[in-house]
Amino acid sequence: MRRGLVGLLAAEAISLLGSRITFVALPWLVLTSTGSALLAGVAGFAEMLPYVLAGLLGGPIVDRVGPRSTAVAADVASLLAVSGIPILAATGTIPFHTLLCLIALAGALRGFGDTAKRALLPRVIAEAGLTTERGTTLYDGISRIATLLGLPLAGVLVATIGPTRVLLVDAATFGVCALLILCHVRPSSTGAGPAEEEKDGYAAALRCGFRYVRHDRLIIGIMSLLFVTNLFDQAYLTVFVPVWVREGPHGPAALGVLGTAFGVGAVAGNILWTILGPRLPRRATFAVCFLIGGPAQLFALALSDRLWLILATAAIAGTLMATVNPILLAAVYERIPFRVHGRVMSVLIAFAWAGIPLGGVLGGWAADALGLHAGALLVGIGYLMVTLSPFLFSAWHALDEHRVLPAKTLVGAK
């Protein structure tokens, strides 16, 4: 039954590649059509806020309708929504508020689709006969490769065919993803039917997700840690790095080179973790890699202007941080029954990502008030202190538990 896992990973690779391309093309489209950097930032906010909210609110829908059906429907709808952006933009008469509505709709649909795929992943991993850890490592590796290839490809495509046509390419990727999942991802129906709470309404199902999270100390710890570190990462990516490029002698090309250095390190780290992961303790590996790899780039930016040192630090950080997502995904998937994956994962992801919109504000304040080097140093120290938590709190010892959920926790995938 590895066909299902291969199909889902292929769909995710194509989807992520398209999303990484849009990450570059969409702000450029808004910037060139409006001439305002502020409006480009507003467009990014208009996409991410509905994405997070749809992910949170869509969990019960995914569990009730089924992750496969939801993923296919969301991808088909995303094809239409994303296609509408360049089609209307090409007319030259689209009002900015209409463009924002389309961007928000596309973000919300992508949030539904990603929530469904995250719920579908543990099912196809189990049917492929792989351990959860090995399956989540493959999944994370796809993301790393898509990032490594997608960002440079986006720059080439935007320069050669323009941002509107690039968005059409992204729209096409949603159609391909829907076909791959529809044709190749068919989890079998196993185990008992839906839980009793699924006979209740939507609100009861959503409360179930919050209740499950509230009673699991490890999941609370994961959400809290990722909320803060995502905030710090956003400050680094959206403020400190552009300010460093603007104030330094390296030029805009340094942006792409820095991202490539981190991406190469992340792909290499994913390969190493695939080989060595089953032999290493989860908690110790996670804690050490996050402690060193998380704040490393901030400290490099704060303490040095040497390009080679900053690039080397980015590559090392990418290698170390490649262990973080597979470990966390494996631990979370092993703790959550299949029948409530959608609603629980949606709560976890929404809170973990809630710090992202605040990161740019924090970074902007720190850079303006303290300067680049002092601001990056302050955020780096905060990052270091937060990543000490897996060493200090007993709840994190649960990372070393390798749980196998009984078959009765499975439900048929619609």
Side-chain angles (χ1 to χ4, degrees), residues 52 56 118 132-133 136-137 140 209-237 240 262 265-266 269-270 273 277 280-302 313 316-336 344-363 366 375-403:
V52 173
L56 172 64
R118 291 188 192 105
T132 306
E133 200 162 55
T136 55
T137 301
D140 187 65
F210 280 95
R211 185 168 61 249
Y212 195 98
V213 167
R214 189 173 65 247
H215 289 93
D216 193 307
R217 293 176 60 212
L218 176 61
I219 292 182
I220 291 176
I222 290 172
M223 288 194 312
S224 302
L225 179 62
L226 293 183
F227 173 87
V228 180
T229 56
N230 280 337
L231 184 151
F232 290 155
D233 285 332
Q234 188 74 356
Y236 168 79
L237 290 170
F240 293 141
F262 184 88
N270 183 269
W273 180 249
L280 298 175
R282 282 183 184 173
R283 186 182 70 88
T285 304
F286 169 83
V288 171
C289 289
F290 215 165
L291 180 70
I292 299 173
Q297 295 186 94
L298 285 160
F299 286 135
L301 214 60
T313 303
I316 294 170
T319 302
L320 294 172
M321 294 298 286
T323 65
V324 170
N325 285 342
I327 290 174
L328 292 183
L329 280 174
V332 168
Y333 279 142
E334 289 172 359
R335 302 176 73 83
I336 304 173
V344 176
M345 287 298 294
S346 65
V347 173
L348 191 159
I349 295 296
F351 277 90
W353 283 38
I356 291 178
L358 304 175
V361 177
L362 172 68
L377 181 61
L378 177 65
V379 174
I381 292 172
Y383 207 130
L384 184 68
M385 294 176 64
V386 169
T387 49
L388 286 172
S389 61
F391 295 99
L392 301 177
F393 298 104
S394 60
W396 287 95
H397 287 276
L399 275 181
D400 287 325
E401 298 175 2
H402 291 259
R403 298 183 176 183

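All values below were derived from every heavy atom in this structure, side-chain atoms included, with hydrogens, water molecules and symmetry-related copies excluded.
- To the nearest 0.5 Å, the span separating OG on S224 from CD1 on I219 amounts to 11.5 Å.
- Taking the side-chain contact (heavy atoms from CB on, under 4.5 Å) definition, one finds that V324 meets it with F286, F290, M321, L328, sequence neighbours left out.
- When side chains are defined from C-beta on, R118 does not count as touching S346, because their heavy atoms never get closer than 4.5 Å.
- Annotation for A302 and L377: closest pair CB-N, 3.5 Å, computed over non-hydrogen atoms.
- The minimum heavy-atom distance between W273 and P326, with the atom names listed, is NE1-CB, 3.6 Å.
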Check: residues 229-236 side-chain donor-acceptor pairs under 3.5 Å, at least two apart:
residue, atom, partner, partner atom, Å
T229, OG1, L225, O, 3.0
N230, ND2, L226, O, 3.2
N230, ND2, A352, O, 2.8
D233, OD1, Y383, OH, 3.2
D233, OD2, Y383, OH, 3.3
Y236, OH, Q297, OE1, 3.0

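- No option in D140, T137, T136, N270 other than D140 meets the side chain to side chain contact (heavy atoms under 4.5 Å, CB included) test with N325.
- The two residues L218 and A395 come nearest to each other via the heavy atoms CD1-O, 3.8 Å.
- Annotation: ring-ring contact (aromatic ring centres under 6.0 Å, His included) contacts of F240 (sequence neighbours excluded): none.
- When every heavy atom of G293 is checked against every heavy atom of A317, the shortest pair comes out as O-CB, 3.5 Å.
- The shortest non-hydrogen separation linking F391 to R283 is CA-NH1, 4.2 Å.
- Note that the CG atom of L384 and the CG atom of L298 stand 10.5 Å from one another [nearest 0.5 Å].
- Rounding to the nearest 0.5 angstrom, the gap separating the CG atom in L280 from the CD1 atom in I327 is 8.5 Å.
- Atom CH2 of W353 sits about 13.5 Å away from atom CG of L56, to the nearest 0.5 Å.
- Side-chain contact between M345 and Y333 is present, with at least one heavy-atom pair separated by less than 4.5 Å.
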Task: side chain to side chain contact (heavy atoms under 4.5 Å, CB included) assessment of F299 paired with T313 - done: CA-CA 9 Å; F299 286 135; T313 303; over 6 Å; no
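- Scored by the side-chain contact (heavy atoms from CB on, under 4.5 Å) test, L320 finds C289, I292, I316 as partners (sequence neighbours excluded).
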TODO: Take R335 and E401 through the test salt bridge (Lys or Arg N to Asp or Glu O under 4.0 Å) and record every step on the way to the result.
DONE: CA-CA 9 Å; R335 302 176 73 83; E401 298 175 2; 3.4 Å; yes
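- Partners of F227 by ring-ring contact (aromatic ring centres under 6.0 Å, His included), not counting sequence neighbours: none found.
- Taking all atoms of both residues into account, the shortest heavy-atom contact from R282 to A331 is NH1-CA, 3.8 Å.
- Residues V344 and F210 are not in side-chain contact: their nearest non-hydrogen atoms beyond the backbone lie 4.5 Å or more apart.
- Residues that satisfy the side-chain contact (heavy atoms from CB on, under 4.5 Å) test with R214, not counting sequence neighbours, are R211.
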